Amino acid sequence: MNLRAHLQHILTEALTSLGLEAKNIAILPTKDSSLGDFSTSVAMTLAGQAKKSPLKIAEEIKAVLTLDATMVSSVTVTPPGFINFIQSDSYSQSVLNSVITNRSAFGQDFQGKGKRANVEYVSANPTGPLTVGHGRQAILGDTISNILDWHGFDVTREYYFNDAGRQMRVLGESVEARYFEHLGKPFDFPEEGYQGSYIKEIAKIIIDEHGKGLHSGSIEFREFAEKFIFEDIKSSLKSIGIKHDVFSNEKSFYESGAIEKVVKELREKNLVYEKDDATWLRTTEFGKEKDRVLIKSSGEPTYRLPDIAYHCDKLDRGFDLAVDIFGADHMDTYPDVLSAVEALGHDITPFKVLIHQFVTLLKNGEKVKMSTRKGDFVTLKELTESFGSDVVRYFFIMRGMNSHLNFDLDLAQDQSEKNPVFYLQYAHARICNIINRCKAEELSVNPDADFTLLMEGPEKELIRKLDQFQHTMEAALESLEPQIVLNYLQDLAGNFHKFYAEYRVITDDKNLSEARLGLIESVKIVLASGMGILGISSPARM
RNA sequence: GCCCCGGUAGCUCAGCUGGAUAGAGCAACAGCCUUCUAAGCUGUGGGCCACAGGUUCAAGUCCUGUCCGGGGUACCA
């Protein structure tokens, strides 16, 4: 059993026996290990309720704790009322034994076993290459999927796209214009058309593959462009190790009649009405300031309508958890969609919506305003080609999704050489190297080595850190913030590098060498697990 | 105007459900490779955690207000 869970248990018992409220007992690893391994502030929290000084309560709690000596070696009380726990040697022993025995399964709690999760991410319409901004979402989504997967969820990675709307029509018109431009014929470039150079390339390829005889309004333009761009998107994602399981197409909801059904049901609930030749959704009923258009006067629906049908469909498919990952531009739109889904009688609690802030690109110290339509952007592919998948993935995870991300293209090249991702990978590679050396010395990993020989500060720190892996992963599941995993690994690697600088694994003392080998093997296992979750490779040599 | 996110070291950012002395990388400076990989380690300097109130035994963290930056507020997605 995990020490933290054990402490939770005995503290609950102790508080109950004292007639105190045993709720929200915060047990945290101490920052300063000289104070102990874990501490709780529960005595101070309860001081008001019990009308006693925190120190007195702490002492009382300490007196009635039923300690398991195989886990806790001592308990101290320090002002202003912390209760500190020092873990026993046998517990430390069991941590390393557990890592080495369970290997990649170490730390897994299988909270999601038997549950199905859906993660929708990227979902960019095929109107142009994926940009750096999409990259952030792609990597967030993929990593969150990995976290769910780690916890035992059956995860469906989904990409939803819209190929029936206005954007795709304009795409077709843009390609058509470039087609006739290439052929030296008169053309009309749409006012809101896509201006990127890739449109011209597509037009050229159409000439090569379909000849010069296409007429204005031909469906080929749009269809070819969509197919071509989608291939590019998929290959961009592949280059950073991302593959979706399901591509959901808006069109299918028209074909299945789901869209009509949504409108009909919303109308029956009086949530839809006609005005100015358009069909409106009564979002004011959901607390919004204004109602929103559902179907334009042109007859084209806005994205809201298919989105509602799509979200109903996700629920119908029986997911226990459905994570939507959107950019900040969706901030205002998803509540309407979810409210409508709820109004249609669905339970929307499976939905968890994550909003990430934008990526700002800096070039020559100035902001680059990115627009797919204007063709002014840096693609994810360019980024990956310059820096490699590991660096790109790390870069996008290292910042919380709520932070605006500044990406300085000039600095990126310099920094890529000193990128913190190498710090992690280097720790792993160093360990692999030592393990190889150990083999030559005929030292092998033994889960029952005498780990009580690991008495030095950095060694104890490593064991403490390894013990926190499970809790870290629980926190990552709770918050769906991949960054938590990354911060943990960074700390673990840091602890290892400190240990490495000061101590040698291969020594004259065979028992000590064996114990240290077990320690670094454990670090390697957890590093590899964590890096796997982040989608970052863990090289054996660098 | 209204809604959402942010404001922490010179720069980019961490800071777990409020906890003990606020951290990392980069940048600057000074050390450490005859010994398992120096993509590393050690040390120095650098902070009114935007500002003002409030809650609490305890606030970078929670509440209110102000200021600054970003996003949204479309019959675009």
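Because the structure is a prediction, the values reported are computed rather than measured. Below, chain A is the first sequence line, B the second, and so on; all start at residue 1.
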Among [options], find the nucleotide with the atom closest to the side chain of [X].
| X | options | value |
| --- | --- | --- |
| A/M44 | B/C16, B/G71, B/G19 | B/G19 |
| A/N84 | B/A20, B/C36, B/C41 | B/A20 |
| A/V293 | B/C75, B/G72, B/A77 | B/C75 |
| A/T302 | B/A20, B/G15, B/A77 | B/A77 |
| A/M542 | B/C4, B/A39, B/G19 | B/A39 |
| A/D276 | B/C75, B/C36, B/G72 | B/C75 |
| A/Q357 | B/A38, B/C5, B/A39 | B/C5 |
| A/R292 | B/U73, B/C41, B/A20 | B/U73 |
| A/H497 | B/C41, B/C57, B/G6 | B/C41 |
| A/K290 | B/G19, B/A74, B/C4 | B/A74 |

Whichever of A/L46 and A/W280 has its nearest RNA chain B nucleotide further upstream toward 5':
A/L46

Select from A/R541 and A/Q167 the residue whose nearest nucleotide in RNA chain B is closer to the 5' end of that strand.
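Counting from the 5' end, the first nearest nucleotide belongs to A/R541.
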
Considering every strand and a 4.0 Å limit on heavy-atom distances, what is the contact class for [X]: base, sugar-phosphate, or nothing?
| X | result |
| --- | --- |
| A/E289 | base |
| A/I484 | nothing |
| A/S39 | base |
| A/R504 | base |
| A/A43 | nothing |
| A/N162 | sugar-phosphate |
| A/L517 | nothing |
| A/G494 | nothing |
| A/Q483 | sugar-phosphate |
| A/I295 | nothing |
| A/R399 | base |
| A/T78 | base |
| A/D491 | nothing |
| A/D336 | nothing |

For [X] and [N], what is the distance between atoms [atom1] and [atom2] respectively, to the nearest whole Å?
| X | N | atom1 | atom2 | result |
| --- | --- | --- | --- | --- |
| A/F326 | B/C4 | CZ | P | 18 Å |
| A/I355 | B/G71 | CD1 | C1' | 11 Å |
| A/K510 | B/C36 | NZ | C1' | 16 Å |
| A/F286 | B/C3 | CZ | C1' | 18 Å |
| A/N419 | B/G40 | CG | P | 11 Å |

Can you tell me how far [atom1] in [N] sits from the matching atom in [M], rounded to whole Å?
| N | M | atom1 | result |
| --- | --- | --- | --- |
| B/C5 | B/A39 | C1' | 35 Å |
| B/G65 | B/G46 | C1' | 32 Å |
| B/G18 | B/C11 | P | 30 Å |
| B/U42 | B/G54 | C1' | 44 Å |

Mind listing the closest non-hydrogen atom pair of [X] and [Y] along with its distance?
| X | Y | answer |
| --- | --- | --- |
| A/I308 | A/V341 | O-CG2, 3.8 Å |
| A/H311 | A/V337 | ND1-CG1, 3.8 Å |
| A/K296 | A/P301 | CE-O, 4.0 Å |

Between A/Q167 and A/Y303: side-chain donor-acceptor atoms closer than 3.5 Å:
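Note: A/Q167 and A/Y303 side chains miss the donor-acceptor criterion.
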
Return the pairing partner of [N] with a 3.5 Å limit on both distances, Watson-Crick or G-U wobble; otherwise return none.
| N | answer |
| --- | --- |
| B/C29 | B/G43 |
| B/G23 | B/C13 |
| B/G1 | B/U73 |

Kindly assign one of parallel, tilted or perpendicular to the pair A/F358 and A/H356, based on the angle between their ring planes and the thresholds 30° and 60°.
perpendicular

Under 30°, 30 to 60°, or over 60°: which ring-plane class applies to A/F161 and A/Y159, parallel, tilted or perpendicular?
perpendicular

Tell me whether the NZ or CZ atom of A/R4 lies within the 45° cone about the ring axis of A/F38 and under 6.0 Å from its centre.
no

Ignoring backbone atoms, test whether A/Y423 places a side-chain nitrogen or oxygen under 4.0 Å from the OP1 or OP2 oxygen of B/A24.
no

Among A/F247, A/Y121, A/Y310, find the one that has a ring-ring contact (aromatic ring centres under 6.0 Å, His included) with A/Y160.
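Between A/Y160 and the candidates, ring-ring contact (aromatic ring centres under 6.0 Å, His included) is satisfied uniquely by A/Y310.
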
Specify the glycosidic conformation (syn or anti) of B/C33, with syn defined as within 90° of 0.
syn

Are any non-hydrogen side-chain atoms of A/T472 and A/N487 less than 4.5 angstrom apart?
no

Quick check: any donor-acceptor pair below 3.5 Å linking the side-chain of A/S41 to the base of B/A58?
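Side chain to base: no pair below 3.5 Å.
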
